[in-house]
Engineer: 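Following this message is one structure expressed as structure tokens.
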Amino acid sequence: MGVFINGGNDGFRRYATREYVDKTNLIAYINSTIGTDIMLTCVTRPRRFGKTAAAQMLYAYYDKSSDSRELFAPYKIASDPSFGQHLNKYPAIYIDVTDFTTRYAGREDIVDLMQREIMEDIAEDYPDIEAKDNDDLMALLLRIAMRTGEKFVMIIDEWDAICREAADKLSLMDKYVNFLRRMFKGGNTAKVFACVYMTGILPIKRYGTQSALNNFQEFSMTDADMLAGYIGFTESEVKSLCSKYDMDYEEMKNWYDGYSFGPEYPAIFNPNSVIQACERHTYKNYWGKTSSFETLQLYIDMNQTGVQECLEKIVRGESQKVSVLRFGFDVSSIGSDDELFTLMIHLGYLAYDAESRTVRIPNKEIRMEFIEALRGSKTHKKLQAMVKLSDRLMKATLDGDEQQVAEIVGQIHDSDAGPDFYNNEQALRSVLKLGYISAIDDFVSIQELPTGKGYADLAFIPRLGSSQPAVVVELKWNKTEHAAIDQIKERNYPDVLKRFTDNILLVGISYDETTKQHTCKIER
């Protein structure tokens with residue numbers, strides 16, 4: 001059993017022994033590309049979206065050193081007509097590029113070391129075919145293919161690790177891109193490979209001003225096309241998991257949904273977070289466990305001009321127009337807000353709507369990452385100040401400090417981050433949405449909570465196990481804060497929250513257009 005070639009099916013077997021959501025029909029699509037002019041496939045998606053699970057699944061299926069028929073028997077692919085045709089029929093090569101960037105961090109010769117190690121491993125499987133001194137990996141594979149008549153299946157996991165982690169090392173980047181072109185953009189590619197599957201985070205179509213690997217069929221967070229159902233978990237898959245683990249689907253959706261790929265897949269969930277929530281029976285931010293907010297903060301701070309107003313809209317929960325067409329994979333030269341936001345789409349921090357060409361924060365989990373990143377931002381002082389004001393507003397509300405709440409709401413209203421207009425109750429709601437943005441740390445925020453007798457303007461439900469009270473906020477324009485409290489009581493808005501807690505704060509906030517003053521009343 002080799003390290004890189006014919007390594008067996010244990011990798012996928014480990015995934016299959018846990019809670020495995022059946023994505024095996026991806027194999028049927030890859031089978032359909034074998035021996036065609038679309039045999040090169042790249043599927044890119046964010047961290048913890050199942051990239052490695054898909055790569056290991058394909059490796060287990062094609063690797064001729066394995067017998068994987070029984071392993072795949074319970075899954076959808078077993079009933080596909082192409083299942084037996086390609087099952088364990090190819091010498092399969094699996095490369096995890098992050099393994100090399102971790103072991104050889106900072107070295108300029110990573111590509112040479114990577115090729116040498118893979119070649120040495122392959123040579124052990126083909127002792128009768130001797131590598132020549134000037135051979136690179138492609139030359140060795142071509143010689144083997146010509147001698148044996150076999151074609152390889154190659155699977156590359158985290159193909160873009162070098163591009164992300166050594167973006168400032170231009171000579172290394174050039175060497176890596178040339179290695180990929182040598183492998184997959186020459187006349188010998190079809191002689192060597194039956195098919196190639198690459199997965200990573202960043203798209204591959206352009207490097208600088210040059211075409212990098214545009215002969216790949218690419219499926220990404222901006223254009224998933226017919227492979228959209230394999231990017232993350234679908235609605236039906238998550239509903240099935242929620243039923244199995246007795247989890248609330250709407251709460252799962254609030255936390256981990258928000259990505260979409262057209263009318264066929266309007267809801268795509270973060271797979272890792274859904275599985276963790278099910279197995280731990282707890283909704284919380286699992287993204288931060290694997291991809292620290294410092295990554296987001298780095299990219300937010302990378303673009304110091306032109307992005308401030310767009311970020312304000314996004315953080316307020318609004319959508320922002322974005323052009324995703326000019327983004328390459330050179331993350332060291334993000335020059336515009338379009339490029340920055342497109343990068344965030346591929347990283348999973350923003351969700352993209354192809355029809356409206358807009359982006360937004362997809363869910364509660366990611367919004368928590370944004371807020372944490374803005375708290376520590378070195379360049380966007382205005383947004384940082386806004387988040388800190390929000391922290392103070394939530395604390396004052398929970399402390400029952402009516403004067404402090406009114407003063408902070410006034411500061412947010414008067415700040416540059418406030419709405420452009422301020423002449424009705426809707427504008428006041430906009431201020432409060434912004435003001436309570438950091439409530440997401442400890443609460444589920446609901447706008448216009450349906451109560452059976454109307455809609456409460458804002459409600460904050462504490463997380464499961466929290467000792468915090470629930471909060472109902474009613475807003476009034478040119479009426480008193482007492483009128484707001486009276487409406488909460490008369491329409492019995494708190495009743496809908498009693499299944500979560502008996503500890504409920506009633507908050508009335510008003511604005512007087514004549515005096516230009518906010519006032520607040522809080523009752524427990």
Side-chain angles (χ1 to χ4, degrees), residues 26 29-30 33 38-52 54-55 95-98 101 154-167 170 173-174 176-181 183-185 196-232 259-262 265 268 270 291 295-296 298-299 302-303 322-354 357-359 362:
L26 174 62
Y29 172 78
I30 302 301
T33 72
I38 58 167
M39 65 176 186
L40 307 177
T41 303
C42 183
V43 180
T44 55
R45 42 187 152 168
R47 286 183 179 89
R48 299 304 182 183
F49 263 66
K51 295 187 298 297
T52 299
I95 304 169
D96 181 354
V97 180
T98 57
T101 57
M154 179 171 276
I155 297 161
I156 302 180
D157 194 10
E158 300 286 0
W159 82 269
D160 57 330
I162 290 175
C163 307
R164 288 183 277 115
E165 297 178 25
L170 297 183
M173 289 285 287
D174 286 342
Y176 184 53
V177 170
N178 287 332
F179 161 72
L180 294 173
R181 285 182 178 141
M183 296 286 291
F184 307 126
K185 209 176 178 185
V196 175
Y197 179 88
M198 294 204 312
T199 187
I201 295 175
L202 300 180
I204 62 174
K205 285 186 177 174
R206 196 162 52 85
Y207 172 56
T209 59
Q210 302 179 58
S211 171
L213 295 167
N214 60 0
N215 51 338
F216 270 77
Q217 298 296 304
E218 187 174 4
F219 305 90
S220 72
M221 295 301 284
T222 58
D223 186 13
D225 207 11
M226 77 277 284
L227 297 190
Y230 303 103
I231 296 291
Y259 308 95
S260 62
F261 298 105
Y265 294 102
I268 293 291
N270 180 320
S291 176
T295 304
L296 177 60
L298 170 68
Y299 290 117
M302 183 183 290
N303 187 319
V322 169
S323 173
V324 300
L325 298 178
R326 293 188 56 80
F327 180 77
F329 63 59
D330 186 357
V331 298
S332 65
S333 60
I334 301 296
S336 69
D337 52 352
D338 281 337
E339 289 179 309
L340 175 63
F341 291 141
T342 304
L343 173 61
M344 288 184 180
I345 295 169
H346 292 296
L347 292 171
Y349 290 114
L350 293 177
Y352 179 64
D353 185 311
R357 297 179 183 176
T358 59
V359 293

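No hydrogens, no waters, no symmetry mates; every other heavy atom, side chains included, goes into these values.
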Engineer: Quick one: closest heavy-atom pair of Val322 and Asp338, and the distance?
Structural biologist: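 Looking at all heavy atoms of both residues, the closest pair is CA-OD1, 3.6 Å.
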Engineer: Closest heavy-atom contact between Ala228 and Tyr265?
Structural biologist: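 It is CB-CD1, 3.6 Å.
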Engineer: Please confirm whether the backbone N or O of Leu202 pairs with a side-chain atom of Asp160, one donor and one acceptor, at under 3.5 Å?
Structural biologist: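 Flag set: sc Asp160 to bb Leu202 pair under 3.5 Å.
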Engineer: For residues Tyr197 and Ala54, report the shortest heavy-atom separation together with the two atoms involved.
Structural biologist: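 Scanning both residues, the minimum pair turns out to be OH-CB, 3.9 Å.
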Engineer: The criterion is side chain to side chain donor-acceptor pair (under 3.5 Å); which residues satisfy it with Ser260, sequence neighbours excluded?
Structural biologist: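 Here no residue qualifies.
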Engineer: Tell me, please, which residues at least two apart from Thr222 pass side chain to side chain donor-acceptor pair (under 3.5 Å).
Structural biologist: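 Side chain to side chain donor-acceptor pair (under 3.5 Å) check on Thr222 returns Ser220.
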Engineer: Given Ile156 and Phe184, is the side-chain contact (heavy atoms from CB on, under 4.5 Å) satisfied, shown in steps?
Structural biologist: CA-CA 12 Å; Ile156 302 180; Phe184 307 126; 3.8 Å; yes
Engineer: Rounded at 0.5 Å granularity, tell me how far CD1 in Ile155 sits from CE in Met198.
Structural biologist: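 The CE atom of Met198 is 12.5 Å from CD1 of Ile155, to the nearest 0.5 Å.
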Engineer: List in chain and number order the residues that pass side-chain contact (heavy atoms from CB on, under 4.5 Å) with Asn178, two or more places apart in sequence or in another chain; answer none if no residue qualifies.
Structural biologist: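 With sequence neighbours excluded, Asn178 shows a side-chain contact (heavy atoms from CB on, under 4.5 Å) to Arg181, given in chain and number order.
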Engineer: Only one of Leu347, Ile231, Ile201 passes side-chain contact (heavy atoms from CB on, under 4.5 Å) with Arg45; say which it is.
Structural biologist: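 Going through the options one by one, the only one that passes is Ile231.
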Engineer: Within this structure, what is the OH-CE distance for the pair Tyr349 and Met221, rounded to the nearest 0.5 Å?
Structural biologist: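 Answer rounded to 0.5 Å: 12.5 Å.
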Engineer: Looking only at heavy atoms, what is the nearest atom pair of Leu350 and Pro362, with distance?
Structural biologist: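 Smallest heavy-atom distance, with atoms named: CA-CD, 4.1 Å.
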Engineer: State the CD1-OH distance between Ile162 and Tyr176, to the nearest 0.5 angstrom.
Structural biologist: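 If I round to the nearest 0.5 Å, the distance is 5.0 Å.
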Engineer: For the atom pair CZ (Arg357) and OG (Ser323), what is the distance rounded to the nearest 0.5 Å?
Structural biologist: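 Answer rounded to 0.5 Å: 7.5 Å.
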Engineer: Would you find a donor on one side and an acceptor on the other, under 3.5 Å apart, between the side chain of Asn215 and the backbone of Leu40?
Structural biologist: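 No; zero donor-acceptor contacts below 3.5 Å.
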Engineer: Partners of Ala161 by side-chain contact (heavy atoms from CB on, under 4.5 Å), sequence neighbours excluded?
Structural biologist: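 Counting only residues at least two positions away or on another chain, Ala161 forms a side-chain contact (heavy atoms from CB on, under 4.5 Å) with Val97, Thr98, Thr101, Glu158, Arg164, Glu165.
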Engineer: Please name the pair of heavy atoms, one in Met154 and one in Ile95, separated by the smallest distance, quoted to 0.1 Å.
Structural biologist: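 So the minimum-distance heavy-atom pair works out to CE-CD1, 4.1 Å.
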Engineer: Residues two or more places apart in sequence or in another chain: which of them pass ring pair (Phe, Tyr, Trp, His ring centres under 6.0 Å) with Phe49?
Structural biologist: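 Only Tyr259 meet the ring pair (Phe, Tyr, Trp, His ring centres under 6.0 Å) criterion with Phe49.
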Engineer: Quick one: ring pair (Phe, Tyr, Trp, His ring centres under 6.0 Å) partners of Phe219, sequence neighbours excluded?
Structural biologist: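 Partners of Phe219 by the ring pair (Phe, Tyr, Trp, His ring centres under 6.0 Å) criterion, ordered by chain and then number, come out as Tyr29.
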Engineer: Got a sec, which residues hit side chain to side chain donor-acceptor pair (under 3.5 Å) with Asp353, two or more places apart in sequence or on another chain?
Structural biologist: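 With neighbours one apart ignored, the set is Ser356.
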Engineer: Determine whether a donor-acceptor pair (N or O, by modelled atom type, separation under 3.5 Å) exists between the side chain of Lys51 and the backbone of Thr44.
Structural biologist: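 Pair absent, no side-chain N/O of Lys51 close to backbone of Thr44.
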Engineer: Please tell me whether Asp157 and Thr52 have a donor and an acceptor in their side chains that are separated by less than 3.5 angstrom.
Structural biologist: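 Yes, Thr52 and Asp157 have a side-chain donor paired with an acceptor closer than 3.5 Å.
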Engineer: Once rounded to the nearest 0.5 Å, what's the spacing between atom CZ of Phe216 and atom NZ of Lys185?
Structural biologist: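 NZ of Lys185 is found 11.0 Å from CZ of Phe216.
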Engineer: Which heavy atom of Asn270 sits nearest a heavy atom of Arg48, and at what distance?
Structural biologist: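 Closest pair (atom of Asn270, atom of Arg48, distance): OD1-O, 3.3 Å.
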